[in-house]
Undergrad: 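Can you read through this structure? Questions will come right after.
Computed from a prediction, not measured in an experiment: that's the story for all the values here. Numbers restart at 1 for each chain; the letters A, B, ... are given by sequence-line order, proteins then strands. All values below come from the heavy atoms of this structure, side chains included, with hydrogens, waters and symmetry mates left out.
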Amino acid sequence: MSASTDALFRPLTLRGLTIRNRLMSTSHAPGYGRDGKPQERYQLYHAEKAKGGIGLTMFGGSSSVSLDSPAAPWNQVSVADDSVIPYFQQFADRVHAHGAALMIQLTHMGRRTRWDTEHWLPTISASPLREPASRSIPREMSQDDIDRVVHDFAEAARRAREGGMDGCEISAAHGHLVDQFWSPSVNRRTDGYGGSLLNRMRFGFEVLAAMRAAAGDDFVIGMRMSGDELFDEGLSGEDCVTIAAEHTRRGLVDFVNVMGGQARDHMAHAVSLPNMAFPVAPFLYLASAIRREVEVPVFHAQRITDFATAARAVAEGHVDMVAMTRAHIADPYIGRKLLEGRADDIRQCVGAGYCIDRIYTGADALCIQNAATGREATMPHVIAKAATARRIVVVGGGPGGLEAARVCAERGHHVVLFERESALGGQINIAAKAGWREALSGIPRWLAAQVRKLGVDIRLGVAADAALVLAERPDIVVVATGGAANPGLMPGADLVTTTQAVLHQGIDLSGSVLLYDAMGQHNAASCAEYLATRGALVELATPDRMAAEEVGTTNQPVHLRNMYKLGVIVTPNLDIVAVRREANRLVAVLRNTMDMVEEERVVDHVVVDFGTLPVDAVFTDLKDGAVNRGQTDAAALIAGQPQPHQGEAGYRLYRIGDAAAGRNIHAAIYDALRLCKDF
Amino acid sequence: MAFGALVLLAWLLLAGVAVQVGRLGLRWRRGAGASVDWLGGLRALPRRYLVDVHAVVARKPASSVMHQAIAGGLLAATGLLLLAAIPALFAAALYWLLIALAFAVALVGAVLVRRRRVPVKPASLSAGAFLTLPAYLGAYAAGGLIATLLPGVPGLLGVALAAFGGIGLVAQITGGPMRHAVAGALHLAAHPRPARFAGGAASDLVPLDLDAARLGVGTIGDFAWNRLLGFDACIQCGRCEEACPAFAAGQPLNPKALIQDFCAANRKGGTAYAGSPHPGIASPGPVLGVLHAETLWSCTTCRACVAACPMMIEHVDAVIDIRRNLTLEHGAAPGKADAVLAALRYAGNTGGLAPAQRLDFAAGLKLRVLAPGEAVDTLLWLGDGAFDRRYGATLRALIGIMRAAKLDFAVLGPAERDCGDLARRLGDEAGFAAQATVNVAMLGTMSFTRIVTADPHALHVLRQEYPAFGGHYTVVHHTALIDELITTNRITLGPATDTVITYHDPCYLGRYNGETAAPRRVLARLTGQAVEMARAREASFCCGGGGGAPVTDIPGKQRIPDLRMEQARETGASLVAVACPGCTAMLEGVIGPRPLVRDIAELVHEALQ
Amino acid sequence: MIRRDPRAERDAMVVSRTPRLRLDRTHRGGASLTRADAPVAAPTIIHIAEPAFLVFAVIEAAGGALNRHDRQVIGAARTLAGRDAAVVVLTPHLPSQAPDAIGTAGGDRTITLPTPTYDPERSAALIAQAITDHAPRHVVFPESADGGDLARRVAALTEADLFAGAESLTPTQAIRPAQAGRVELRATPPRLISIAPDRIAPYHGAPHAADPLPTPAAAATPGGIRAATTLAVDAATIPLDQAPLVIAAGNGVTDFAGFLDLARALGATPGASRVVCDAGALPRALQVGASGTVLNAECYIALGISGAPQHLQGIGTVEHIVAINTDLHAAIIARAGLAIIADAQDVMQALRAML
Amino acid sequence: MNIIVLLSAGRDPQSGTPRPVPVELQAIALALALATHLAPTTTITGLHAGEPDPSVLDALGHGLTTLTLLRTNPADDPLATLAAEIDRARPDLILAGRRGRGGTDSGLLPYRLARARAMPIAADAIAIEPDGNDLAILQSLPRGARRRLTLARPAIVTIHEAAPPARTFAFRARRSGTIHEKPGIPAPSPTDNHEIRPYRQRPRLIAETTQPTTAGHLMLAPTPETAAAAVLAYVEQFRGR
Ligand SMILES: Cc1cc2nc3c(=O)[nH]c(=O)nc-3n(C[C@H](O)[C@H](O)[C@H](O)COP(=O)(O)OP(=O)(O)OC[C@H]3O[C@@H](n4cnc5c(N)ncnc54)[C@H](O)[C@@H]3O)c2cc1C
Ligand SMILES: Cc1cc2nc3c(=O)[nH]c(=O)nc-3n(C[C@H](O)[C@H](O)[C@H](O)COP(=O)(O)OP(=O)(O)OC[C@H]3O[C@@H](n4cnc5c(N)ncnc54)[C@H](O)[C@@H]3O)c2cc1C
Ligand SMILES: Cc1cc2nc3c(=O)[nH]c(=O)nc-3n(C[C@H](O)[C@H](O)[C@H](O)COP(=O)(O)O)c2cc1C
Ligand code: SF4
Ligand code: SF4
Ligand code: SF4
């Protein structure tokens with residue numbers, strides 16, 4: 001371990017609490033709350049990080065202190081009454097058992113939530129200005145509202161303390177109520193809570209003072225805040241330094257947890273949860289600037305995905321605790337692996353943002369590449385050895401096949417993996433070709449390295465067929481042959497190119513291109529950027545309301561920004577009806593999905609994306625000979641139970657991932673893990 | 001006639017021996033003074049020879065038979081002959097028959113001696129004078145036998161043959177193999193570590209007078225005279241060479257050659273050494289006029305040579321004596337030694353880290369830190385390994401075990417300083433004395449019934465070497481503590497697994513302190529599949545981490561830990577159990593696929609119920 | 001049926017493109033006007049005519065240009081001067097456009113110190129004279145090799161104390177480490193201060209007008225330093241993070257022996273991308289990037305390196321980049337001052353042949 | 001040649017215990033090298049004004065044989081004491097570390113001494129040779145650069161940490177070194193109004209991590225020779241800066 005990595009493992013003491021190392025996970029709302037309480041799933045998820053060696057884990061991102069900041073729309077935690085305390089105690093015990101510290105984030109979302117959910121109470125804020133992200137227009141808070149919310153914060157702090165937490169932070173970041181008061185873009189008040197920066201800080205001062213009074217002198221209270229709101233009307237970097245310095249000077253906070261940007265609208269949101277389009281640690285400079293000026297420890301998260309960067313941030317004194325939040329979603333065992341000298345075994349977050357994007361559709365946070373995260377009750381992060389070693393053949397080296405091979409090899413089985421291409425990775429290799437999405441290749445790179453290390457017999461450049469598979473005399477065959485691009489069924493489908501082909505073969509299409517996207521996924525958007533970068537005039541037509549509509553909150557804005565920059569024209573609400581050749585050009589016939597009026601485009605190329613169709617020849621050929629006839633027992637799969645037909649003579653056959661039906665990377669990896677963990 | 005001549009020969013040979021011993025004595029007198037309990041030593045001599053020496057010799061049964069035959073036969077025959085001065089005996093036929101028998105045994109012995117090197121000489125044995133030795137032995141024994149059995153001229157010819165052999169042997173007393181017989185006997189009587197024979201560990205280094213005119217051994221005459229005597233006792237049996245890890249790794253150290261270098265340094269122009277040299281070294285070096293400094297710095301102070309030596313020679317003491325001179329007088333410790341010793345001098349730990357960092361590994365564990373004036377039952381000595389993240393895991397496991405057993409224990413925290421082991425083995429006696437003095441004074445302000453440590457080096461220093469600085473403690477190794485906790489049912493473990501585990505004995509625990517049973521008992525409780533490496537217990541093979549070897553870092557052909565790991569692999573074990581921070585670091589440093597390395601404390605902690 | 005061309009439709013609505021796009025849906029003109037009718041505001045330049053007091057900033061301006069540390073020194077002086085006082089920048093002779101650079105960096109006046117050769121004794125005497133002439137409230141130096149030396153000479157000459165190596169500076173407080181870095185000293189900023197590199201932020205506000213002041217006339221100095229020559233260095237021995245010129249090999253390079261040989265011949269310090277180090281082709285210590293070494297070089301030559309974000313982070317502060325790559329669309333190309341689309345192997349050989 | 005090495009009371013950065021200042025030990029090593037290789041008649045004396053601090057005495061273990069200890073109060077300004085000793089000893093060369101490590105650590109003293117005795121001073125030496133009646137000094141500059149200076153004698157030279165390593169520590173030498181103890185000149189220094197606090201590591205400035213794009217010169221498929229020439233021309237612009 002290098003000297004700077006060592007810096008990660010120096011303990012940190014704040015207000016009598018000693019945290020064993022400098023690795024943490026900042027609060028996030030994974031959508032695991034049930035009935036406003038952090039129950040077993042939520043607790044196990046954090047206990048796993050504690051087991052994995054993290055120093056401090058903060059849960060309950062945006063936990064509500066008041067009823068007019070509802071917890072339900074996020075499946076989050078409500079700290080608005082005492083019924084949550086027993087859950088906290090159980091939670092704290094689970095995490096403390098593994099030596100980590102546990103804290104919670106308390107907040108009032110102000111205008112950054114919706115009124116039409118749990119309690120149907122109006123949203124409130126410093127001033128009645130619309131929030132673009134939640135599209136809500138709040139009521140301006142009266143003095144009574146202010147006093148009530150201050151009291152609610154204090155009560156919540158007391159509950160956190162009684163619940164055995166090691167501390168808490170308030171969220172004054174991401175455009176929550178406290179920073180709604182701070183930000184000149186939201187606070188237009190003329191009373192003592194508006195105007196000068198000092199006045200705008202008054203509400204926060206009152207909140208923190210009340211929390212301290214309620215929670216006592218030996219309870220850690222910190223604050224999450226922005227280091228620069230990064231837009232003209234917002235708080236500047238200097239404002240934020242002043243805010244941090246003022247709060248620490250007054251002794252109101254024991255730490256500040258600094259992030260960059262805010263989250264008032266889609267693009268800002270994408271910036272505050274920087275995905276793979278951003279450099280590593282893009283906002284460390286903001287935390288560093290604040291750390292230069294304050295005397296309390298500084299925490300920071302934002303795309304610190306590798307331990308070398310993390311170690312450097314601590315060793316060079318930019319921060320005191322380095323949060324690797326999504327990094328721990330991708331691998332909760334970072335600390336332990338580092339201590340054991342297994343840095344190469346860390347599954348590094350690629351910054352796909354799948355986790356965060358899901359919660360904005362009301363779903364639960366899941367990692368694109370680690371299917372065990374958030375499923376600790378049924379899925380193992382550390383794969384145990386099987387009682388008996390088997391011979392297993394995996395066909396296809398995409399993410400599904402690689403994960404299957406990895407899990408089987410960890411189980412101690414003898415694994416043979418066939419891959420038709422000369423490189424492992426499947427469609428991810430295509431996806432990664434598209435400009436800023438290169439980091440997706442980190443997924444198969446880690447899997448391939450693990451699989452090699454575990455001694456899987458990899459046959460590259462071999463297209464398997466039934467005979468080749470059976471020659472291995474397998475006990476189990478896993479078919480993960482993935483999908484092939486679907487050119488569509490409209491007349492003229494033979495004249496079009498697919499996005500896969502463009503990206504895969506690097507076809508340089510110049511002139512004008514009509515790109516028809518029936519998926520709303522990354523594929524077409526990436527392809528549009530790819531073509532436009534190379535000088536093509538691209539129009540992206542889609543039946544959806546917007547391009548890349550299926551792509552989540554932190555990714556879609558990046559596609560849109562790029563497409564705007566590159567002059568890609570997006571036309572929504574169109575179906576493709578037919579394609580035909582005219583002279584040496586193509587004519588695409590499109591129909592408006594609203595008024596059914598048809599229109600045409602004369603272009604040089606038509607590129608389409610209808611997703612993929614399963615590649616299932618190997619599966620079909622092997623099906624009849626298999627003891628389970630290729631059937632996967634869905635009930636057992638979902639429950640995380642072993643499949644039937646255990647121990648019968650002959651081979652069992654399963655198919656996973658896009659070979660079953662075109663879906664996505666997580667589906668392929670989850671299919672593999674839940675199936676193979678019991679082999 | 002022949003009988004008379006034979007008796008005369010015996011007396012003449014005795015006289016010859018006396019003269020030779022006198023010459024040797026002059027050589028030994030060159031050494032520095034040493035106080036020796038001659039009376040006690042001589043009284044204990046037979047027991048030391050017959051019990052202690054033979055216990056070592058008997059580890060190789062063939063050698064033992066050989067030596068019993070040749071030494072027993074020769075000594076018996078010659079001794080009996082000398083008794084012929086008693087007329088009644090001279091006339092007794094049975095007496096002569098007895099002598100004949102003794103000569104016959106000796107003759108068999110002589111054949112066995114020859115057979116050791118013929119047809120192929122094992123690498124660890126010397127050639128040179130050793131090749132002529134069987135001839136002299138044979139001549140003396142055969143001649144004696146002939147003279148006792150055959151009358152007349154043949155008998156006289158036998159006497160002549162015996163005279164040829166006998167004179168050859170006596171001549172070899174100063175320069176050849178026979179020196180060991182004389183020097184060996186005297187060495188056993190005047191041994192510098194008499195405590196070794198009482199079954200005691202006696203592996204502590206003796207403090208140096210730091211005000212002395214010369215510090216350590218800078219010339220051959222700086223060795224105490226009985227050390228010089230001890231070197232001359234070497235029979236070049238090569239057992240130390242076979243035992244030595246540095247030699248095995250191709251580092252420039254051969255303990256056998258080392259002892260012979262000392263002999264040579266004390267006797268200009270003697271018969272040349274004809275055994276294997278220090279690997280990679282062709283010519284004599286500047287140290288004592290014979291040695292290269294790398295030879296001295298290659299030693300891991302593992303004591304394997306000492307434990308293997310039938311002549312009870314103390315290689316390690318000699319190595320350290322010279323290192324003391326090199327370090328204290330010349331600041332010549334190589335590699336990172338100067339930086340490490342400075343770190344120790346100025347920060348109190350070998351990493352040069354802030355003293356408060358010693359407890360970093362235990363952040364959040366809320367350990368009790370013993371303050372001056374306080375009392376506790378068990379004091380946990382953390383050692384410098386506490387600064388190391390890897391070893392921190394071992395310590396955390398140990399603390400978990402001690403907590404599970406509800407022991408009353410505390411640590412010293414920032415007040416603890418390195419015990420000084422590294423400084424002492426690197427020859428920095430001044431640095432060691434400084435650490436010892438501070439630690440003993442600090443420990444004196446607190447009260448506890450015992451010290452527990454997971455570091456065998458600290459254990460050795462605290463237990464055996466601090467008494468000379470006024471610190472007397474009961475020191476327990478963590479494996480012994482765990483053993484005790486299991487047998488007294490203070491902790492309960494889950495069922496034994498079937499993981500194949502082999503245990504690597506740390507030199508400073510096994511050889512230096514004789515503790516090899518407790519860790520094995522614990523291991524047997526953990527797995528049903530404990531296997532032993534070929535070299536285990538007192539004969540264990542060093543991990544390469546002792547004696548400052550990782551700091552001086554003298555290159556060889558291979559690395560010692562790689563060799564040890566290979567030995568572990570040969571057992572088929574999937575896990576090597578260790579019990580020392582040094583061993584953990586060295587064995588885990590072995591790259592490529594290999595068994596896992598886990599401290600016994602970690603294994604027990606995992607198995608706790 | 002409607003045959004549409006959305007791009008042409010939108011282009012037809014364009015009335016003007018600068019300073020920002022203007023659309024008019026009634027406009028069907030096709031051709032767009034390009035008249036800029038919004039005036040471009042001239043940047044305001046700050047003049048401090050009647051300074052409340054003066055703050056000196058002594059810069060090195062090696063090679064006739066301000067370096068990072070110089071800008072930080074002026075930034076520190078600006079912090080001490082606030083809005084009302086003037087920052088006087090004491091500098092060696094600079095090329096003609098340099099006063100702009102000084103104004104942008106926050107300087108209000110310049111004093112040129114004519115020392116054509118390395119003569120720190122004379123420089124110190126000139127600065128001491130300027131101090132006597134202008135009685136500045138503070139004098140800020142860079143705590144660099146030569147700058148720190150000069151600061152101490154001036155301190156000795158003027159019999160003043162030096163607050164050496166300040167790491168934090170406000171008008172009311174300066175902080176620096178002492179006692180082997182175990183403590184920090186805090187004081188109201190004294191007269192002479194040197195600032196540690198990369199601790200005090202440079203000035204980012206509106207430019208100041210940097211007017212020249214006369215060069216001080218100083219008495220001749222004893223001249224104990226009789227001669228000075230700067231020597232050539234062996235680039236391979238310079239630590240990567242200090243090297244001024246780095247040449248790095250990426251996945252597009254196949255001949256690593258040839259690469260190292262070229263680096264030697266060129267007098268550049270060798271570096272590599274992570275892929276190359278992962279593959280073991282060059283030692284890990286050579287890795288440039290977020291998880292390797294972050295460079296401080298003047299100039300960086302990237303051979304067969306795609307310019308992944310993590311790699312670019314290692315060269316974030318490098319101003320001059322040469323990229324040789326077969327792919328026109330590689331990210332490094334956009335970042336390069338000189339981009340060459342060619343086979344790195346061939347260019348390496350040609351370069352080697354020329355040296 | 002008569003060389004004086006100025007020794008200051010140093011502290012270990014981690015533990016705070018007395019420890020010689022590494023660059024001062026390197027200064028001793030440079031003086032010794034000068035003595036053995038170039039000027040056999042050299043005398044080398046360590047000079048310390050203050051108390052017999054263990055860190056200063058430990059310098060004797062690193063090759064220094066003689067130490068002059070001028071006893072003053074630790075709070076005294078050592079300048080007058082040292083200047084007086086220099087007047088007495090009339091050295092040809094005075095060596096010092098670039099900065100102390102354990103006190104105020106400002107590195108100002110050698111310069112004040114140079115000024116007080118009207119001697120030339122040069123900083124950051126890594127090698128010293130006599131050059132006729134002058135001294136040839138090799139200076140270490142940032143980024144591995146070097147500068148050669150000629151300096152009139154007597155002179156003061158401070159040593160850079162890139163100088164050759166110090167002699168290793170030998171206990172015997174430390175024990176047997178000669179210490180000349182004499183009273184120094186009391187000179188209470190004015191108490192400065194510094195507030196002293198435990199050190200807090202403040203991070204260096206780091207830039208925003210958005211990469212600036214410099215619109216540069218692009219060459220499409222040039223011949224290797226043209227490309228190489230362009231590279232050389234480009235690189236030459238930034239050489240020697
Ligand atoms: C441009 C693009 C962008 C995408 N972006 C995303 C995204 O952002 N997020 C996301 O979740 N998903 C994305 N996807 C979809 C995702 O890549 C797939 O869902 C996923 O890779 C499916 O994994 P798989 O293992 O089931 O199959 P595949 O990745 O298709 O792998 C199947 C492998 O099997 C091999 N194979 C096939 N037949 C044989 C045979 N007979 N013998 C040997 N080998 C054989 C193939 O060569 C291939 O390597 C994208 C896809 C594309 C094309
Ligand atoms: C968290 C994280 C940290 C990372 N840290 C670092 C880091 O510190 N440093 C680092 O370098 N990387 C780092 N990486 C890896 C980084 O993402 C890239 O994978 C890597 O930099 C790519 O190296 P490359 O440019 O040499 O290889 P490639 O991406 O394979 O690029 C090779 C380039 O060479 C060109 N080329 C091919 N043949 C020739 C030829 N004959 N002549 C000329 N050009 C040719 C190609 O067009 C291509 O542009 C990190 C990644 C992650 C996720
Ligand atoms: C699923 C998810 C939910 C999040 N919810 C919150 C939240 O409620 N409050 C908050 O302050 N941050 C939230 N965050 C942001 C994280 O705390 C963190 O700032 C962000 O993930 C960037 O750090 P990283 O790059 O280390 O992941 C969330 C992040 C994720 C991935
Ligand atoms: S989904 Fe992506 S961004 Fe989220 S943790 Fe996993 S790898 Fe990281
Ligand atoms: S102590 Fe060990 S290393 Fe040293 S000589 Fe003896 S056997 Fe060899
Ligand atoms: S020292 Fe001992 S073991 Fe070694 S050769 Fe001599 S007698 Fe044998």
Side-chain angles (χ1 to χ4, degrees), chain B residues 208-216 218 293 297 323-358 360 387 414-418 423-424 426-435 438 551-552, chain D residues 7-29 31-33 36 44 46 53-65 97 100-103 161-179 198-201:
Chain B
L208 191 68
D209 173 9
L210 291 170
D211 296 323
R214 168 114 64 202
L215 299 170
W297 296 115
R323 285 188 182 183
R324 283 174 172 175
N325 185 264
L326 290 173
T327 302
L328 296 174
E329 297 225 336
H330 306 289
K336 292 196 221 76
D338 188 60
V340 172
L341 294 174
L344 189 63
R345 205 157 53 238
Y346 299 121
N349 60 73
T350 51
L353 299 163
Q357 284 186 36
R358 195 179 292 271
D360 279 5
F387 291 101
E416 183 182 321
R417 288 167 143 248
D418 178 60
R424 188 163 232 203
L426 286 173
D428 181 7
E429 187 66 8
F432 172 73
Q435 297 297 315
V438 175
V551 173
T552 54
Chain D
L7 299 173
S8 62
R11 294 290 176 268
D12 183 88
Q14 295 298 329
S15 68
T17 47
R19 172 174 197 164
V21 181
V23 268
E24 294 175 5
L25 299 181
Q26 289 175 282
I28 297 173
L32 288 167
T36 30
I44 305 167
D53 191 88
S55 69
V56 175
L57 303 187
D58 274 3
L60 291 170
H62 291 272
L64 190 69
T65 49
R101 198 177 77 170
E161 62 223 356
R167 293 274 175 102
T168 53
F169 179 80
F171 170 77
R172 162 63 162 269
R174 161 75 174 80
R175 194 186 68 182
S176 52
T178 322
I179 303 169
Y199 181 66
R200 175 175 166 86
Q201 182 196 12

Undergrad: Have a look at B/Tyr346 and tell me which of D/Pro18, D/Pro20, D/Ser55 forms a side-chain contact (heavy atoms from CB on, under 4.5 Å) with it.
TA: D/Pro20

Undergrad: With a 4.5 angstrom heavy-atom cut-off, could you sort out which part of B/Arg214 is near chain D: side chain, backbone, both or neither?
TA: backbone

Undergrad: How far apart are the closest heavy atoms of B/Ala342 and D/Arg19, and which atoms are they?
TA: CB-NH2, 3.6 Å

Undergrad: Please classify the contact of D/Pro54 with chain B as side chain, backbone, both or neither, using a heavy-atom distance under 4.5 Å.
TA: neither

Undergrad: With a 3.5 Å distance limit and no angle check, can you tell me whether D/Arg172 reaches the backbone of B/Thr327 through a side-chain donor-acceptor pair?
TA: no

Undergrad: Using 0.5 Å steps for rounding, measure from the OG atom of D/Ser176 to the CD atom of B/Glu329.
TA: 8.5 Å

Undergrad: Can you check whether B/Leu215 reaches D/Phe171 side chain to side chain, under 4.5 Å on heavy atoms?
TA: yes

Undergrad: Does any heavy atom of chain B fall under 4.5 Å from the side chain of D/Arg175, the backbone, both, or neither of them?
TA: side chain

Undergrad: Of the backbone (N, CA, C, O) and the side chain (C-beta and beyond), which part of B/Ala356 lies under 4.5 Å from a heavy atom of chain D, both, or neither?
TA: neither

Undergrad: Do you know which of D/Gln14, D/Arg174, D/Arg167 has the most heavy-atom pairs under 4.5 Å to chain B?
TA: D/Gln14

Undergrad: Heavy-atom distances under 4.5 Å only: say whether B/Leu210 touches chain D with side chain, backbone, both or neither.
TA: both

Undergrad: Measure distances from B/Glu429 to the heavy atoms of chain D and classify the residue's part below 4.5 Å as side chain, backbone, both or neither.
TA: neither

Undergrad: Taking the side chain as everything from C-beta on, heavy atoms only, tell me whether D/Phe169 gets closer than 4.5 Å to B/Asp428.
TA: no

Undergrad: Which heavy atom of B/Ala347 sits nearest to which heavy atom of D/Ser15, and what is that distance?
TA: CA-OG, 3.6 Å

